[in-house]
Amino acid sequence: MMLKNSLAQTEAESQRMDTEKANVDEKMTILEKSIMQLHTKTKDIRDDIINHASQQKTIEKSSANLLKQTKQAYENISKKEVEIEDISNEISRVKIDNLNTQS
């Protein structure tokens with residue numbers, strides 16, 4: 001009789017342990033899925049950061065190139081203004097020479 005009670009208690013304890021193990025296994029599966037989702041989200045965020053940094057670098061390079069082109073354009077404008085002034089002075093000299101020659 002005592003042996004039957006002990007066996008019954010052991011079987012009940014074994015069933016309870018099986019139920020606990022199933023609960024722990026289920027929680028472990030949920031936790032593993034959550035970890036995988038977190039890993040995926042973290043990778044996506046990291047990729048976004050890298051993409052934004054790359055875009056920013058591209059924008060900075062474009063901006064620097066545009067600044068160089070603008071400086072070059074202003075230098076060319078300044079050279080043309082000097083040429084125009086030189087030509088205008090030459091025209092004035094020719095007109096004066098022409099007037100001197102006529103008189």
Let's go through Met17 and Glu13 carefully: what are the C-alpha distance in whole Å and the side-chain angles of both, what is the deciding distance for side chain to side chain contact (heavy atoms under 4.5 Å, CB included) to 0.1 Å, and is it a yes or a no? CA-CA 6 Å; Met17 287 298 195; Glu13 185 70 20; 3.8 Å; yes
Are more than 12 heavy atoms from other residues, nucleotides or ligands located less than 6.0 Å from atom CG of Leu3?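 For Leu3, atom CG is not crowded (no more than 12 foreign heavy atoms under 6.0 Å).
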Gap between atom [atom2] of [Y] and atom [atom1] of [X] - 0.5 Å precision:
X	Y	atom1	atom2	result
Met28	Ile35	CE	CD1	8.5 Å
Lys95	Asp97	NZ	CG	13.0 Å
Asp44	Lys41	CG	NZ	9.5 Å
Ile30	Asp25	CD1	CG	11.5 Å
Gln72	Asn76	CD	CG	5.0 Å
Leu38	Leu31	CG	CG	10.5 Å

Tell me if a side-chain donor or acceptor on [X] pairs with a main-chain N or O of [Y] at a distance below 3.5 Å.
X	Y	answer
Thr19	Gln15	yes
Thr58	Ser54	yes
Thr40	Met36	yes

Full working for side chain to side chain contact (heavy atoms under 4.5 Å, CB included) between Gln69 and Leu66: CA-CA 5 Å; Gln69 290 173 358; Leu66 186 58; 4.0 Å; yes
Leu7 and its side chain to side chain contact (heavy atoms under 4.5 Å, CB included) partner, picked from Lys4, Gln9, Glu11: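 Output: one option passes, namely Glu11.
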With Ile45 as reference, evaluate Asp47, Ile49, Thr42 under the side chain to side chain contact (heavy atoms under 4.5 Å, CB included) test and give the passing residue.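 Of Asp47, Ile49, Thr42, side chain to side chain contact (heavy atoms under 4.5 Å, CB included) with Ile45 is met by Ile49 alone.
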Do Gln56 and Glu60 come within less than 4.5 Å of each other through their side chains, counting heavy atoms only?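 The answer is yes; the side chains approach within 4.5 Å.
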